[in-house]
A.B. asks: 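I am attaching a structure below and will ask some questions about it afterwards.
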Amino acid sequence: MPMKTAKTKTPVYEQIYMLVRQIPAGKVATYGQIATLLDKPGHARQIGYALYRVEVDADIPWHRVVNAQGMISESPQRQGNDDLQRLLLEQEEITFNAQGKLDLRRYRWHPDPPPSTLLE
DNA sequence: GACTTGACCGGAC
DNA sequence: AGTCCGGCCAAGT
């Protein structure tokens, strides 16, 4: 049981990123949904913070994550990129209504395999 | 090592 | 319809 030097840092965000990568084009997930899929309901803010530090050109479909109201969460920090998010989604044939909301009933991602499988 | 900062959510009023 | 409020916790200062 010795060696404590193996500081396996298990990046928490790694799981978030892996899960987000599973979202198919044309579908979206909410922050809370991601948290729940990771068996951590209520930790939605962590998802937002994780995506906050994602590079725009990273191989992560960050644009497929919206808030529980079906809207794109904007931030002073990301000015301009929130518009990009909408464009990327529209390219996947996702439409927004006059209020800038998308229909979650229609576009929400429902993973077939259990979440635990998705992380392997 | 304490304190601040968030792409959030759900319930209460 | 709105608004307010507490909870959640990793990273950065």
A.B. asks: If I take atom CD in residue A/Gln33 and atom P in nucleotide B/dA7, what distance separates them, rounded to the nearest angstrom?
C.D. replies: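 Value for this atom pair: 21 Å.
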
A.B. asks: A quick test of your reading: do over 12 heavy atoms of other residues, nucleotides or ligands sit less than 6.0 Å from NZ of A/Lys27?
C.D. replies: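 Enclosed.
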
A.B. asks: Give the rounded distance in Å between these two atoms: OH of A/Tyr49 and C1' of C/dA10.
C.D. replies: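 Value for this atom pair: 7 Å.
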
A.B. asks: So does A/Ala50 get a backbone contact from the side chain of A/Tyr17, meaning a donor-acceptor N/O pair under 3.5 Å?
C.D. replies: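 Here the side-chain-to-backbone pair exists.
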
A.B. asks: Do any N or O atoms from the side chain of A/Gln85 and from the backbone of A/His63 form a donor-acceptor pair under 3.5 angstrom?
C.D. replies: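 Pair found, side chain donor or acceptor close to backbone of A/His63.
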
A.B. asks: Heavy atom of residues 36-46 of chain A under 4.0 Å from DNA chain C: which residues?
C.D. replies: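 Correct list: A/Gly42, A/His43, A/Arg45, A/Gln46.
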
A.B. asks: Within less than 4.0 Å of OP1 or OP2 of B/dA7, is there a side-chain N or O belonging to A/Ser73?
C.D. replies: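 For B/dA7, neither OP1 nor OP2 has a side-chain N or O of A/Ser73 closer than 4.0 Å.
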
A.B. asks: Without decimals, in angstroms, what is the distance between A/Arg53 CZ and C/dC9 P?
C.D. replies: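 Nearest whole value for this atom pair: 18 Å.
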
A.B. asks: Would you say the side-chain atoms of A/Arg64 pair up with the backbone N or O of A/Ile23, donor to acceptor, closer than 3.5 Å?
C.D. replies: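 Confirmed, A/Arg64 side chain pairs with A/Ile23 backbone.
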
A.B. asks: Rounded to the Å, how far apart are A/Ile16 CD1 and C/dA11 P?
C.D. replies: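 Between P of C/dA11 and CD1 of A/Ile16: 9 Å.
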
A.B. asks: First locate atom OH of A/Tyr31, then atom CG of A/Leu51, and finally report the distance between them rounded to the nearest 0.5 Å.
C.D. replies: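 Taking OH in A/Tyr31 and CG in A/Leu51, the distance rounds to 6.0 Å.
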
A.B. asks: Quick one: A/Met71 CE to C/dG2 C1', roughly how many Å, whole number?
C.D. replies: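 It works out to 14 Å between those atoms.
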
A.B. asks: Keeping the roles fixed (side chain from A/Gln99, backbone from A/Met71), state whether a donor-acceptor pair exists under 3.5 Å.
C.D. replies: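 No, A/Gln99 side chain to A/Met71 backbone: no donor-acceptor pair under 3.5 Å.
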
A.B. asks: In this structure, how many angstroms lie between the C1' atom of C/dA11 and the CD1 atom of A/Ile47, rounded?
C.D. replies: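 That distance rounds to 15 Å.
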
A.B. asks: Assess the side chains of A/Tyr107 and A/Thr95: does a donor N or O sit below 3.5 Å from an acceptor N or O?
C.D. replies: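 Yes, a side-chain donor-acceptor pair sits under 3.5 Å.
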
A.B. asks: Can you check the A/Tyr31 OH to B/dG10 C1' distance for me, whole Å?
C.D. replies: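 The distance from OH of A/Tyr31 to C1' of B/dG10 comes to 17 Å, rounded to the nearest Å.
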
A.B. asks: Using a 3.5 Å distance criterion without hydrogens, assess whether the side chain of A/Tyr49 forms a donor-acceptor pair with backbone atoms of A/Ala44.
C.D. replies: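 Judged by distance alone, no pair lies under 3.5 Å.
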
A.B. asks: Do A/Asn97 side-chain atoms and A/Gly100 backbone N/O form a donor-acceptor pair below 3.5 Å?
C.D. replies: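 Between the backbone of A/Gly100 and the side chain of A/Asn97 there is a qualifying donor-acceptor contact (under 3.5 Å).
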
A.B. asks: Runs of at least three consecutive Watson-Crick or G-U pairs, both distances under 3.5 Å, are what I'm after; which ones involve DNA chain C?
C.D. replies: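 Stems found: B:2-6 with C:9-13, B:8-13 with C:2-7.
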
A.B. asks: C/dC9 C1' sits how many Å from A/Tyr52 OH, rounded?
C.D. replies: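 To the nearest whole Å, that distance equals 16 Å.
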
